[in-house]
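Working notes, beginning with the structure itself.
Order of listing sets the numbers, starting from 1, for every ligand and every atom in it.
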Amino acid sequence: MDSDQFRTAAHAAIDDIIGYFDNIPNQRVLPTIEPGYLRPQIPSSPPQDPESWASIQEDIDSKIKPGLTQWQSPNFMAFFPATVTYPSILGEMYSAAFNAPAFNWLCSPACTELETVIMDWMAQALGLPECFLSTSENKGGGVIQMSASDAVATVMIAARERWVHGQAKSEGLKEGSAEYEDRVMDLRPRLVALSSSQAHSSTAKAALLAGTRYRSIAVSLDNDMSLTGAELRGMLEKLDEDKLTPYFITLCFGSTNSCAVDRFNEIIAVLKEKPHWQRIWVHIDAAYAGAALIADEWQYIAKDFAEGVDSFNLNMHKWLLVNFDASLLYVRNRHDLTDFLDITPAYLRNPFSESGQVIDYRNWSIPLGRRFRALKIWFVMRSYGLTGLKEFVRKGITLGNTFADLIRSRGDLFEIVTKPAFGLTVFRVRAGSNTNGALVNGSGEGALVQPDEKADAVTKEVYETINARGEIFITSTVMAGIYAIRVVSANERAEEKFICRAFEVLVQTAEEVLRK
Ligand code: PLP
């Protein structure tokens, strides 16, 4: 493809993309194809001869679009949103054009330097404590990772190394000696990573990757599924008894099931109770809900991270208008990463890196090569301004509150399981027999909701019927033994009329299933 052909093709692609976005509200949110639909439509072997862009683009319409789940549809109310905007797409285009796998500063100084500036912008925008800024005295700073899963795996590996090396050194062993190496290896099998049972599975997976044990701490509906200080203390004391060594904990700022927020203050106070608990790396997973910090009224939460928190992670690609991938990871002390993740063969050496004056982000993450992701964040922040970003997040929260109120208005049909938060409502369908919540407060929220097999079965049927019909797309979950439906409407095209229609669909389907 030469530059003239590229110009023509790019214009056609952009027109097509704009048409795609404009038409999304008219599209069915879930595709109607069956598994394996694509293979028979695509030649079984690669083309021998070049093809024109026109024929390639034609296949987007006929073969790809029919197999897309419409994440940008206002009827997409499943999982968490995955937002995308035009400025973000422009950022991707430039990033592809510059195509610099910027592992070292020298690989493309602009990639590294913009990332550092943008991460500081975002830290300020979120009201994060000063210690997470790259300019902080404690050498904090941020790095853009691909996903929250990469972020937690990276910090967990660093935490493991920080713990075992710290221990070997504290025992007076000489770094580099055989005894030191043996000790570092011998310590690993007793290490345990922790989180509440509500943390995303990426923490358990990270423990697998880090080669350490993992324990999840049970939480309850009485506390709205948040991890409390007492629950953590119980687990830590048990680990002490079992001679196991906790070295890492993920705390939820917006759990996947219900947007639960762990009790940061209490937990940090418990970790101070014993010297060896103080060595535990504390990671905040704010993958989705952390976006709320952009709005001033939520920033009080971030004040809890000023002390005792080692890392904080937020996915802009969920709720902050930047497309996948844009996962912001902040650390209090960059040396916690760079001391353990820096492997420097001769071919990576250069005077700038050796000078210590520049950041080499390869030492802040697992992969060597990395994409120029700061561009799209920069474009989005400038195109929306903080005013636009705040407005967007507030809209999602308001829509969530409206939806929760609608659900409450039909206390005869539904009961809310956990306190609605950050645009997410988690509820189940009443099966007739279970009306205890309604009798007490008309909504049956939180601890009032009890496991009930009949309600589970009805809720599951309502959920499956709705998704099979495909007008809206929602997700279900199981929490504290309760089968529940989750609805979140926080993508760019979300609007009250769609939320109201989703409520109608839920009412009609619940009534239909209950009539049966
Ligand atoms: N943490 C939370 C709270 C999530 O909800 C998710 C995914 O939805 C993740 C982590 C994992 O995100 P990623 O796909 O960026 O790894």
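For atom 16 (O) of ligand 1, the closest non-hydrogen atom on the protein side is S149 OG, 2.5 Å. Among protein heavy atoms, the minimum distance from atom 1 (N) of ligand 1 is reached at D285 OD2, 2.6 Å. With respect to atom 11 (C) of ligand 1, the closest heavy atom belonging to the protein is H200 CE1, 3.3 Å.
Near G254, the atoms of ligand 1 lying under 4.0 angstrom from a non-hydrogen atom of the residue are 3 (C). Contact atoms of ligand 1 toward S147: 13 (P), 15 (O), 16 (O) (distance under 4.0 Å to a heavy atom of the residue). Close approach to N315 involves these atoms of ligand 1, each under 4.0 Å from a residue heavy atom: 12 (O), 13 (P), 15 (O). Near T256, meaning under 4.0 Å from any of its heavy atoms, are these atoms of ligand 1: 2 (C), 3 (C), 4 (C), 5 (O).
Cation-pi check for R362 over W364 is not met; the charged atom does not lie both under 6.0 angstrom from the ring centroid and within 45 degrees of its normal.
Side chain of Y214 to main chain of A206: no donor-acceptor pair is present (N/O by atom type, distance under 3.5 Å, no hydrogens or angles).
Distances shorter than 4.0 angstrom do not occur between any heavy atom of S327 and any atom of ligand 1. Residue-ligand proximity: K318 is placed with a non-hydrogen atom under 4.0 Å from ligand 1.
Side-chain atoms of D285 and T250 include no donor-acceptor pair closer than 3.5 Å.
Going from atom NZ of K460 over to atom OG1 of T465 covers 10.5 Å, rounded to the nearest 0.5 Å. Atom CZ of residue R382 and atom OH of residue Y384 lie 15.5 Å apart, to the nearest 0.5 angstrom.
Contact annotation: for F80 versus ligand 1, heavy atoms closer than 4.0 Å belong to the side chain alone. Counting heavy atoms under 4.0 Å from ligand 1, residue A287 touches it through the side chain alone.
Within a 6.0 Å sphere centred on NZ of K205, heavy atoms belonging to other residues, nucleotides or ligands number 12 at most.
Applying side-chain hydrogen bond (donor to acceptor under 3.5 Å, both in side chains) to Y20 and the options Q27, K65, Q70 leaves one that passes, Q70.
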Stepwise, does the side-chain hydrogen bond (donor to acceptor under 3.5 Å, both in side chains) test hold for T116 with Y361? CA-CA 10 Å; T116 310; Y361 277 122; 2.8 Å; yes

